[in-house]
Amino acid sequence: ALLIGIVLSRNMPLRAQDRIIRLEERIRLQRVLPADLRGRIDDLTTDQLIGLRFAPDDELPELARRALSGDLKTRADIKSAIKNWRADHMRM
């Protein structure tokens with residue numbers, strides 16, 4: 001029971017954080033992406049949205065396009081394609 005409690009106490013906040021990141025990035029993508037990509041925001045996976053949060057606004061449309069086309073599938077793929085990182089100073 002103690003082991004389950006420890007695992008849940010770590011897993012639940014991480015899932016909540018991922019949900020918040022998804023929401024923040026969807027709002028950001030609505031603002032930054034060109035009209036032809038805005039309708040496809042829901043096609044991005046959670047993993048891709050988490051990777052895109054480190055991309056600056058000027059790189060975001062091209063990275064999102066590549067992610068939607070299947071060129072960048074994982075968070076690691078997206079992170080390695082970012083040229084100028086946008087720091088996340090609010091992360092806990």
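The chain is numbered in sequence order, starting from 1.
Scanning all heavy atoms of the two residues, the minimum distance from K79 to F54 falls at CE-CE1, 3.5 Å. In plain terms, the two heavy atoms of D71 and R66 that are nearest each other are OD2-NE, 2.8 Å. For the residue pair L63 and A81, the shortest heavy atom distance occurs at CD2-CB, 3.6 Å. Residue P13 comes nearest to L8 through the heavy atom pair CD-O, 4.1 Å, listed as atom of the first residue, atom of the second, then distance. Residues K73 and D77 approach most closely at N-OD2, 3.3 Å, considering heavy atoms.
Side-chain contact check for R28 versus L60: some heavy-atom pair is nearer than 4.5 Å. Contact of the I82 side chain with the P56 side chain is registered, since non-hydrogen atoms from C-beta on lie closer than 4.5 Å. For the pair I41/L37, no side-chain contact is recorded, criterion being any heavy-atom separation below 4.5 Å from C-beta on.
A side-chain donor-acceptor contact under 3.5 Å links Q48 to the backbone of L72. The backbone N or O of T74 lies less than 3.5 Å from no partner atom in the side chain of D47, so there is not a single donor-acceptor pair. Of the possible donor and acceptor atoms, one in the side chain of E59 sits under 3.5 Å from a partner among the backbone N and O of N84.
Residues satisfying the side-chain hydrogen bond (donor to acceptor under 3.5 Å, both in side chains) test with T46, not counting sequence neighbours, are none.
The salt bridge (Lys or Arg N to Asp or Glu O under 4.0 Å) contacts involving residues 5-24 comprise nothing, where partners must be two or more places apart or lie in separate chains.
Linking Ile, Leu, Val, Met, Phe, Trp and Tyr whenever their side-chain heavy atoms come within less than 4.5 Å puts L44 and I78 in one cluster. Linking ILVMFWY residues whenever their side-chain heavy atoms come closer than 4.5 Å, directly or via other members, leaves I27 and I20 in distinct clusters.
Taking a cutoff of 4.0 Å between a charged side-chain nitrogen and a carboxylate oxygen, D42 and R26 qualify as a salt bridge.
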Acceptor/donor pairs from residues 29-36 side chains to any protein atom, 3.5 angstrom cut, sequence neighbours excluded:
from : atom 1 : to  : atom 2 : distance (Å)
D36  : OD2    : R65 : NH1    : 3.2

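Taking CG of L52 as the start and CD of E25 as the end, the distance is 6.5 Å to the nearest 0.5 Å.
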